[in-house]
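Just so you know, residue 1 is the first one in the sequence shown, and it goes up from there.
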Amino acid sequence: MPDVMSSSRLIGVGVGPGDPELVTVKGVNALRAADVVVVPVMDTGERGRAEATVLHYVPEEKVLRVVFALNERTDRARREAAWDAAGAKVAELLAAHDVVAFATIGDPNVYSTFTYLALTIEELVPGVVVETVPGITAMQDLAARSGAVLTEGTEPLTLVPVTAGSAVLKDALAGPGTVVAYKFGRQAGEVAEALRETGRIEDAVWGSALGLPEESIRTAAELDGEPLPYLSTLIAPARREGGRGGKL
């Protein structure tokens, strides 16, 4: 176990959904102030969205890739072994540096790999200070780019990862308020069916690769059942009647 002083800090920095202009000033400052910036990569080795965003603000020599089995959904042992190896690597970095930043797409407290890393580090490095810097989420970016309003008045907002199953999404769509679905690309057909069954497809919109050259934003009515990019986002706005301020 590394002998790390309690002043060592691990900072999870949300770098947004992909558009480098959506990294907050605080996020940029945290990345630049850190001794090293860790970015997660798949075991297949390609550059991830977090890394591409970070490189707009810090030199490449300051960025360290750490492998997470982000594409592993079925082999729990393999996935946890990757988390343990990543945690051990970051613990080594904290033994050598005062401040280590971990860049994550979106927000570090919303379905982020940083959560698993922080839990591991808190066990490996007693006394480490764990902090987070919030980031713009994909649902915020999609709302801005598509013109969809996430909430009005007293409307609730439900966020569902479709990796939990389409039944969870159907239950949310049957309720009130706006529903946002994350990670639904591989189950696009089931999502479209759920939207049609609940009468929510006409106003719904989906997007992927937001802020990137391959960005795609379309109405949910155009979903044809073909698989979409894994990190696709869907917004099904609340049913709104009564004009301006109807839900106040």
Would Ile201 and Arg196 satisfy side chain to side chain contact (heavy atoms under 4.5 Å, CB included), going step by step from the backbone distance to the final call? CA-CA 5 Å; Ile201 198 164; Arg196 290 189 181 96; 3.6 Å; yes

- request: Kindly determine whether Arg145 and Asp19 satisfy salt bridge (charged side-chain N to carboxylate O under 4.0 Å, His left out), including the steps that lead there.
  value: CA-CA 12 Å; Arg145 294 176 187 276; Asp19 182 347; 3.0 Å; yes

Evaluate the side chain to side chain contact (heavy atoms under 4.5 Å, CB included) criterion for residues Leu234 and Leu195: first the C-alpha distance (whole Å), next the side-chain angles of each, then the deciding distance (0.1 Å), finally the verdict.
-> CA-CA 11 Å; Leu234 173 89; Leu195 287 165; 4.0 Å; yes

d(Glu60 CD, Arg65 CZ) to nearest 0.5 Å is 8.5 Å

Tightest non-hydrogen contact, residues Ala209 and Glu214, listed as CB-CG, 3.5 Å

Exercise. Examine the side chains of Thr132 and Asn109 and answer whether a donor and an acceptor come within less than 3.5 Å of each other.
Key: yes

Besides Val13, the hydrophobic cluster formed by Ile, Leu, Val, Met, Phe, Trp and Tyr side chains linked at under 4.5 Å, directly or via other members, contains Ile11, Val15, Val23, Val28, Leu31, Val37, Val39, Val54, Leu55, Tyr57, Val58, Val63, Val99, Val133

Closest non-hydrogen contact found for Pro17 with Ala138 is CB-CA, 4.1 Å

Open item on the list: If hydrophobic clusters are built by linking Ile, Leu, Val, Met, Phe, Trp and Tyr wherever their side-chain heavy atoms come under 4.5 Å apart, do Ile105 and Tyr230 end up in the same one?
Closed with: yes

Note to self: Please check this pair: side chain of Glu222 against backbone of Thr219, looking for a donor-acceptor N/O pair closer than 3.5 Å.
What the structure shows: yes

(message) Any non-hydrogen side-chain atom of Ile235 less than 4.5 Å from a side-chain atom of Pro237?
(response) yes

One should read off an interatomic distance between Ser146 OG and Arg218 CZ, to the nearest 0.5 angstrom, of 14.0 Å

Rounded to the nearest 0.5 angstrom, the CG-CE distance for Asp141 and Met139 is 11.5 Å

- Query: Under the 3.5 angstrom rule, does the side chain of Glu92 hit a backbone N or O of Lys89 as a donor-acceptor pair?
  - Reply: no

* Asked: Any link between Leu169 and Val205 through a network of hydrophobic side chains (Ile, Leu, Val, Met, Phe, Trp, Tyr) touching at under 4.5 Å?
  -> no

One should read off an interatomic distance between Arg239 CZ and Glu202 CD, to the nearest 0.5 angstrom, of 12.0 Å

Less than 4.0 Å between a side-chain N and a carboxylate O, is that true for Asp35 and Arg9?
no

Output for pair (Glu190 CD, Glu197 CD), nearest 0.5 Å, gives 10.5 Å

Step by step, work out the side chain to side chain contact (heavy atoms under 4.5 Å, CB included) result for Glu122 and Leu10.
CA-CA 10 Å; Glu122 286 173 341; Leu10 174 64; over 6 Å; no

*Consider only side-chain heavy atoms of I, L, V, M, F, W and Y, link residues closer than 4.5 Å, and tell whether Val162 and Leu223 are in one cluster.*
yes

In the single-linkage hydrophobic clustering (I, L, V, M, F, W, Y; side-chain heavy atoms under 4.5 Å), do Tyr182 and Trp206 co-cluster? no

- [ ] Look at the aromatic rings of Tyr116 and Trp83 and report parallel, tilted or perpendicular, splitting at 30° and 60°.
- [x] parallel

Rounded to the nearest 0.5 angstrom, the OG1-CG distance for Thr233 and Leu159 is 9.0 Å

For Leu22, the other hydrophobic cluster members (4.5 Å side-chain criterion, sorted by chain and number) are Ile136

- Would you say Leu150 and Tyr111 are hydrophobically clustered, going by side-chain heavy atoms of ILVMFWY under 4.5 Å? yes

Here the pair of heavy atoms bringing Ala172 nearest to Val160 is CB-CG2, 3.8 Å

Correct closest heavy-atom pair for Ala101 and Ala34 would be CB-CB, 3.7 Å

- Would Leu117 and Phe102 satisfy side chain to side chain contact (heavy atoms under 4.5 Å, CB included), going step by step from the backbone distance to the final call? CA-CA 9 Å; Leu117 176 64; Phe102 180 90; 3.4 Å; yes

*Side chains of Thr104 and Thr113: donor-acceptor distance under 3.5 Å anywhere?*
no

Can you confirm whether Val41 sits close enough to Arg47 that some side-chain heavy atom of one is under 4.5 Å from a side-chain heavy atom of the other?
no

Shortest non-hydrogen pair, Ser8 vs His97, comes out as OG-O, 4.0 Å

